[in-house]
Q: 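Right, I'll just put the structure down here and ask away after.
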2 protein chains.
Amino acid sequence: MNKKSSYHHGDLREKLILAGLELLSEGGVMGFDLRKVARKAGVSHAAPYRHFEDKSDLIAAVIEEGFSQLHDSLQRAVDMSESNTIDQLQNISLAYVKFTVRNPWSVREMFSGLTIDHNMYPSLYATSKKVFSLIESVIVSGQESGILNLDDSKELACVFLSTIHGTALLIIENHMQPITSRPDGTEHLARLCVNALINGIKKT
Amino acid sequence: MNKKSSYHHGDLREKLILAGLELLSEGGVMGFDLRKVARKAGVSHAAPYRHFEDKSDLIAAVIEEGFSQLHDSLQRAVDMSESNTIDQLQNISLAYVKFTVRNPWSVREMFSGLTIDHNMYPSLYATSKKVFSLIESVIVSGQESGILNLDDSKELACVFLSTIHGTALLIIENHMQPITSRPDGTEHLARLCVNALINGIKKT
DNA sequence: ACCTGAACACCGTTCAAGT
DNA sequence: ACCTGAACACCGTTCAAGT
């Protein structure tokens, strides 16, 4: 993680990652060019190659930072919840959706194929899995306190993550129009998903 | 839709779209280059500009074809189902997940920001909405036959689409490991999602 | 009307040379 | 050890010229 020593900049590696995250947030991967990142960091266009294999390697580091920030947001949401599983899941959903809406281009890129092969960018893969683990632990505690059913906890976590990730992504792609046109649309939709998952959509 | 007339190729526009879809399937948008598409279609690198504004415009046409194929797959799944909402939703989920697993790079690109602004590529946006409409109509018929609850049908459709889209995407990003490591993993997960949504994950 | 070939600006990557 | 500048191949886009 820490490559302290550097020549002109203290920690160019970190600086490039932050510049990359900033550039990514401005318009996605099509406008993401290595020379621009270098310029943003005040360094020649060849300098990044001291710290990254190639462009993909820099992108991997940038979206790893994204996963890390997402994880921290979700962790904060759990910490601020009452010790009540429903409330925790509610708040995780909200935090996930809000993070996505605030960082749409990063989130798109975080789920655009770089994690397919966990041998390719092992550090990225490990960081991305922390999000899954966090959710699974909330699910497990919900089972222990008798609120959730006792299906395989990993399976429940998969289903839960699927729902909130799908919602978040479809919102930023403008595919949730009936709902996002409301003033409090994103909050409403996040809550809706959790309720539907908890209680089911079957007629009772 | 039909621009019949062409010079050397009958319908270059269509040919470029199919060549583009093929190239996209080989490795995503980072390897998607206009000159290669032109070469694949047997035409000079400047020829595409007779039919498309720029690279993004071609990509928009390519992923519109993707949405169209996805819609047809889902429609076929509905047609082959019994007139039973649960069975229909089950089959739609399976078809959605299978399509995504067969065409991972296309699906990633279909949800990578080109539909944000529906004024930018109106035809693309319209085609992409057909998927939503299809799902909504199945939901409505499920409400009419008394199987689903009577919440706003658009809201239910949003939640359902979120879940299956999230599942499909997370599978191809390798974030559903606990489940995709099983032999029949994708089918199992698709079924799981529908069951969870229908019945809820609450302890009963 | 539709396509080609040359031309331009710009990017990813490499490498010898600088401090 | 870390960074720079020149160099190379290649891409997106434009445009005058061909049929």
Side-chain angles (χ1 to χ4, degrees), chain A residues 1-63 105 109 112-114 120-121, chain B residues 1-63 105 109 112-114 120-121:
Chain A
M1 280 287 168
N2 288 344
K3 295 250 169 72
K4 264 282 175 77
S5 58
S6 189
Y7 201 48
H8 278 128
H9 296 94
D11 194 344
L12 182 53
R13 188 187 148 85
E14 199 59 27
K15 202 166 182 174
L16 286 167
I17 292 176
L18 294 179
L21 203 54
E22 201 182 323
L23 184 59
L24 190 59
S25 78
E26 289 168 13
V29 84
M30 276 205 68
F32 187 94
D33 92 68
L34 211 47
R35 290 165 104 111
K36 218 181 277 178
V37 176
R39 254 175 263 142
K40 236 181 167 78
V43 87
S44 91
H45 61 265
Y49 287 87
R50 283 299 119 193
H51 299 276
F52 301 97
E53 287 274 330
D54 55 18
K55 188 178 174 179
S56 285
D57 196 34
L58 171 57
I59 294 181
V62 168
I63 68 175
W105 292 108
E109 211 44 36
S112 283
L114 249 40
M120 211 129 129
Y121 302 107
Chain B
M1 282 282 169
N2 289 343
K3 294 253 169 69
K4 266 282 174 78
S5 58
S6 190
Y7 200 48
H8 276 128
H9 296 93
D11 194 344
L12 182 55
R13 187 187 150 86
E14 198 61 26
K15 201 165 184 175
L16 286 167
I17 291 176
L18 294 180
L21 203 55
E22 203 181 321
L23 184 60
L24 190 59
S25 77
E26 289 167 16
V29 83
M30 277 204 67
F32 188 94
D33 91 65
L34 211 48
R35 289 164 104 110
K36 217 181 279 181
V37 176
R39 255 176 262 141
K40 236 182 167 78
V43 87
S44 92
H45 61 265
Y49 286 89
R50 284 298 122 192
H51 299 275
F52 301 98
E53 287 274 330
D54 55 20
K55 187 178 175 178
S56 285
D57 195 34
L58 171 57
I59 293 179
V62 167
I63 68 175
W105 293 109
E109 210 45 36
S112 285
L114 248 42
M120 210 129 129
Y121 302 106

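Lettering of chains follows the sequences in order, A, B, ..., and the numbering in each one begins at 1.
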Q: Rounded to whole angstrom units, what separation is found between the CZ atom of A:F52 and the C1' atom of D:dC2?
A: 15 Å

Q: In whole angstroms, how far is the C1' atom of C:dA1 from the CG atom of B:D11?
A: 15 Å

Q: Does B:F52 have any side chain to side chain contact (heavy atoms under 4.5 Å, CB included) partners at least two apart in sequence or in another chain, and if so, which?
A: B:R13, B:L16, B:I17, B:D57, B:L58, B:A61

Q: Side chains of A:V29 and A:W105: closer than 4.5 Å at any heavy-atom pair?
A: no

Q: To the nearest angstrom, how far is B:L58 atom CG from D:dG12 atom P?
A: 10 Å

Q: Output the rounded distance in Å from CG (A:L16) to P (D:dC2).
A: 13 Å

Q: To the nearest 0.5 Å, tell me how far B:I59 CD1 sits from B:L114 CG.
A: 7.0 Å

Q: If we only count heavy atoms from C-beta on, is the B:H45 to B:L34 side-chain gap below 4.5 Å?
A: no

Q: In whole Å, I'd like the distance from the NZ atom of B:K15 to the P atom of C:dC2.
A: 16 Å

Q: Side-chain N or O of A:H51 versus OP1/OP2 of D:dC3: is the shortest distance under 4.0 Å?
A: yes

Q: Using a 4.0 Å cut-off on protein heavy atoms (strictly under), produce a 5'-to-3' string for nucleotides 5-11 of chain D with B for base contact, S for backbone-only sugar-phosphate contact, and - for none.
A: BBB---B

Q: Please enumerate all residues that pass salt bridge (charged side-chain N to carboxylate O under 4.0 Å, His left out) together with B:E26, with sequence neighbours excluded.
A: B:K40

Q: Which residue lies toward the 5' end of DNA chain D, B:E53 or A:R50, if each is placed at its nearest nucleotide?
A: A:R50

Q: Would you please name every residue forming a side chain to side chain contact (heavy atoms under 4.5 Å, CB included) with B:S56, sequence neighbours left out?
A: A:M30, B:D54, B:Y121

Q: Suppose we screen for side chain to side chain contact (heavy atoms under 4.5 Å, CB included). Which residues come up paired with B:R50, at least two apart in sequence or across chains?
A: none

Q: Is DNA chain D part of any stem, that is, at least 3 consecutive Watson-Crick or G-U pairs with both distances under 3.5 Å, and where?
A: C:4-8 with D:12-16, C:12-16 with D:4-8

Q: Got B:L24 and B:E109 here, is their nearest side-chain heavy-atom distance under 4.5 Å?
A: yes

